[in-house]
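Worksheet: one structure, shown below.
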Amino acid sequence: MVAQNILLKEEENIDEAKVSVNEHVIGTKKLYIESYGCQMNFADSEVVASILRTNGYSTTSNLEEADLVLLNTCAIRDNAEQKVRTRLSSLNKNKKTNPNLKIGVLGCMAERLKTKFLEEEKMVDLVVGPDAYRDLPNLLEEVESGHKAVNVFLSREETYADISPIRLDSNGVSAFISIMRGCDNMCSFCVVPYTRGRERSRDPHSIYNEALDLFEKGFKEVTLLGQNVDSYKWSSETEKYNFANLLEKVALISPELRVRFSTSHPKDITDEVLYTIKKYDNICNYIHLPAQSGSSRILGLMNRTYTREWYLERIHKIREILGEDCGVSHDMIVGFCTETEEDHLQTLSLMDEVVFDYGYMFFYSERPGTPAAKNLKDDVSLEDKKRRVNEIIDKQRQHSAIKNQMSIGKVFRVLIEGESKKSKADFAGRNDQSKVIVFPRKAYKKGDYVNVLVNSCTSGTLIGEIID
């Protein structure tokens, strides 16, 4: 799927790479990581950095000084894969300048293509799937001896629960915590079950300890990550946890530790989770709930296992329990196989009924190996796909502007995440609904909570001032 990341939220484009930071450790080999795709990939790169730390590596943001370059890849959209291909071509000159440079491909694209990657991209030395990162030191030894190395084994147990991630792109305020891996939802358009394997949940005590350690180090916000966090489940002989229980456990660390989560699945988000959010002020009043389509017929072809009516009932329950102020965002796939103009109009009408705060819109492109690629014809013209996705983007811009205007005159508790992108005189942070607010900095610092009165807005950003 080709992404159109609607510019209604101050976020980096989801197909842009995040680069490892300079650790400035003398006497170590230098590791340069570029991470593409979802937040899970960024969290995985932090696990990789931790594993390689014990093998004598420290991270760098300077490609020219790197001994090892790793691209942590995404396979869910063709656009993301093409960016990696282009990036590998550009790395050819680095390899020629420094013949000792080693290049590896990690993540979902590595898992999807496996050994074929080594045949297609001659400069690549190792290919490692998402469940094989513990094997990286052994694979690098193989590479150093002059061989190519591959490990794309998918595990039913691996969660990396015992590995303390190295925070690569941290503002020192917010951090990601992976709570589960894999996905059991066999959506017909999606490669994730084949590149990340079956669902398995992390020990809740290891999640709690990681969150507590972050809080004690000064972090003020954690985001619990999973392909489908609502299906989190873990049990022992004496304990049993679902996602609502886990949310509560992390929230109880401190009222000063903000808790977010992503992503929710409409078929699994429970009233118990919603009431847990309502119970704790430090669990953010925001839910990312991908719809993918407003047409029940298309949802059936996508194997989303819910209907339009089911989705709207969940939205109604969110509003009923958490109030109209709860932030809700979405994903939409436009131009899926056999989508008609009527199906498209149903998606637009769903958006009108919900009025989302913001969203991520894509037009469909076939992913090899998926049920849709095997059984359905990608028969919507590119011209229609582009027109429809632009209509959906325009609709979301209108809705985001409406929702942001509703915030004018209100006071929000904001966690300061750092300087505004446009001016060092301003700070930026997010409120409870995950909306970015920009305001003059005054005598505060990054990591402080402040009360901000919103007095204006754009379609993507709230603008205000601190109320002391």
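Numbers here are sequence positions counted from 1.
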Show your reasoning for whether salt bridge (charged side-chain N to carboxylate O under 4.0 Å, His left out) applies to Glu417 and Arg430. CA-CA 8 Å; Glu417 297 179 6; Arg430 288 181 294 167; 2.9 Å; yes

side-chain contact (heavy atoms from CB on, under 4.5 Å) between Tyr232 and Ile207: does it pass, once the steps are laid out? CA-CA 12 Å; Tyr232 175 91; Ile207 297 167; 3.9 Å; yes

Verify side-chain contact (heavy atoms from CB on, under 4.5 Å) between Asp203 and Trp234, making sure each step is shown before the conclusion. CA-CA 7 Å; Asp203 178 337; Trp234 182 91; 4.0 Å; yes

Might you work through the salt bridge (charged side-chain N to carboxylate O under 4.0 Å, His left out) test for Lys395 and Asp352, ending with a clear yes or no? CA-CA 8 Å; Lys395 176 77 69 176; Asp352 282 333; 3.1 Å; yes

If you apply the rule side chain to side chain donor-acceptor pair (under 3.5 Å), what do you find for Ser35 with Asn41, and how did you get there? CA-CA 6 Å; Ser35 306; Asn41 267 15; over 6 Å; no

Should Lys217 and Asp213 be marked as a salt bridge (charged side-chain N to carboxylate O under 4.0 Å, His left out) after you check the CA-CA gap, both sets of side-chain angles, and the distance that decides it? CA-CA 6 Å; Lys217 288 176 177 175; Asp213 179 63; 3.0 Å; yes

Would you check, one step at a time, whether the test salt bridge (charged side-chain N to carboxylate O under 4.0 Å, His left out) holds for Arg200 with Glu157? CA-CA 7 Å; Arg200 60 272 190 203; Glu157 290 82 33; over 6 Å; no

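Checked for salt-bridge contact, Asp44 and Arg181 meet the test: a charged N lies under 4.0 Å from a carboxylate O. Residues Lys278 and Asp271 are not paired through a salt bridge, judged by the lack of any N-O separation under 4.0 Å between the basic side chain and the carboxylate. A salt bridge does not link Glu158 to Arg196: none of the charged nitrogens lies less than 4.0 Å from a carboxylate oxygen. The pair Glu391-Arg388 does not meet the salt-bridge criterion, since no charged nitrogen lies less than 4.0 angstrom from a carboxylate oxygen. A salt bridge does not link Arg77 with Glu81: every distance from a Lys NZ or Arg NE/NH1/NH2 to an Asp or Glu carboxylate oxygen is 4.0 Å or more.
Side chains of Asn228 and Lys267: a donor-acceptor N/O pair is absent below 3.5 angstrom, by distance only. Side chains of Asp78 and Ser365: a donor-acceptor N/O pair is absent below 3.5 angstrom, by distance only. In summary, the side chains of Gln292 and His330 do not present any donor paired with an acceptor at a separation below 3.5 Å, with no hydrogens or angles considered. For the residue pair Arg308/Ser349, the side-chain donor-acceptor check at 3.5 Å is satisfied. Between the side chains of Glu239 and His205, at least one donor-acceptor pair of N or O atoms lies under 3.5 Å. Residues Glu34 and Tyr32 have side chains that bring a donor and an acceptor to within less than 3.5 angstrom of each other. Counting only N and O atoms by type, the side chains of Ser296 and Thr307 include no donor and acceptor under 3.5 Å apart. With 3.5 Å as the limit, one finds a donor-acceptor pair spanning the side chains of His288 and Ser329. A donor atom on one side chain and an acceptor atom on the other are not found under 3.5 Å apart for Glu111 and Thr195. Under 3.5 Å, the side chains of Arg53 and Ser50 contain no donor-acceptor pair of N or O atoms. Inspection of the Asn285 and Asp325 side chains reveals no N or O donor paired with an N or O acceptor under 3.5 Å.
Applying the side chain to side chain contact (heavy atoms under 4.5 Å, CB included) criterion to Glu65, with sequence neighbours excluded, gives Asn22, Lys30, Thr60, Asn62. Every residue two or more places apart in sequence or in another chain that forms a side chain to side chain contact (heavy atoms under 4.5 Å, CB included) with Lys403 is listed here: Arg319, Val355, Asp357, Met406, Lys435. Among residues two or more places apart in sequence or in another chain, the salt bridge (Lys or Arg N to Asp or Glu O under 4.0 Å) test is passed with Asp343 by Arg297. With sequence neighbours excluded, the residues that form a side chain to side chain contact (heavy atoms under 4.5 Å, CB included) with Arg413 are Glu256, Tyr449, Asn451. Qualifying side chain to side chain contact (heavy atoms under 4.5 Å, CB included) partners for Cys284, counting only residues two or more places apart in sequence or in other chains: Arg258, Arg260, Asp432.
At a threshold of 4.5 Å between non-hydrogen side-chain atoms, the residues Ile177 and Thr223 do not count as touching. Using a 4.5 Å heavy-atom threshold, the side chains of Asn55 and Ile51 count as separate. Between Phe219 and Glu221 there is no side-chain heavy-atom pair separated by less than 4.5 Å.
Closest approach of Val354 to Tyr311, counting heavy atoms only: CG2-CE2, 4.4 Å. Listed here is the closest heavy atom pair of Ile392 and His344: CG1-CE1, 3.9 Å. Considering all non-hydrogen atoms of both residues, Leu106 and Thr73 come closest at O-OG1, 2.7 Å. Between Ile76 and Cys190, the shortest heavy-atom contact is CD1-SG, 4.1 Å. Between Cys326 and Gln433, the shortest heavy-atom contact is C-CG, 4.4 Å. Residues Met361 and Val389 approach most closely at CB-CG2, 3.9 Å, considering heavy atoms.
Side chain of Thr458 to main chain of Gly460: a donor-acceptor pair is present (N/O by atom type, distance under 3.5 Å, no hydrogens or angles). Using modelled atom types, one side-chain atom of Thr347 and one backbone atom of Gly294 make a donor-acceptor pair closer than 3.5 Å. Judged by distance alone, with hydrogens and angles left aside, the side-chain atoms of Asp448 form no donor-acceptor pair with the main-chain N or O of Tyr444 at under 3.5 Å.
When the options Lys446, Lys445, Arg441, Lys424 are evaluated for a salt bridge (charged side-chain N to carboxylate O under 4.0 Å, His left out) with Glu419, the one that passes is Arg441. A side chain to side chain contact (heavy atoms under 4.5 Å, CB included) with Phe439 holds for exactly one of Ile463, Ile416, Leu453; it is Ile416. A side chain to side chain contact (heavy atoms under 4.5 Å, CB included) with Ser231 is found for exactly one of Ile269, Asp268, Asp184, namely Asp268.
Rounding to the nearest 0.5 Å gives a distance of 7.0 Å between CD of Glu199 and OG of Ser201. Rounded to the nearest 0.5 Å, atoms OG1 (Thr461) and NZ (Lys421) are 9.0 Å apart.
Between Tyr306 and His265, the ring planes are perpendicular. Angles over 60° get that label, and only those under 30° would be called parallel.
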Indicate every side-chain donor-acceptor pair of residues 241-253 with a distance under 3.5 Å to a residue at least two apart or in another chain.
| from | atom 1 | to | atom 2 | distance (Å) |
| --- | --- | --- | --- | --- |
| Tyr241 | OH | Lys249 | NZ | 3.4 |
| Asn242 | OD1 | Ala244 | N | 3.2 |
| Asn242 | OD1 | Asn245 | N | 2.9 |
| Asn242 | OD1 | Asn245 | ND2 | 3.3 |
| Asn242 | ND2 | Glu272 | OE1 | 3.0 |
| Asn245 | OD1 | Asn242 | N | 3.0 |
| Glu248 | OE2 | Lys279 | NZ | 3.1 |
| Glu248 | OE2 | Tyr280 | OH | 2.5 |

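Within 6.0 Å of atom NZ in Lys240, 12 or fewer heavy atoms from other residues, nucleotides or ligands are found, so the atom counts as exposed in its surroundings.
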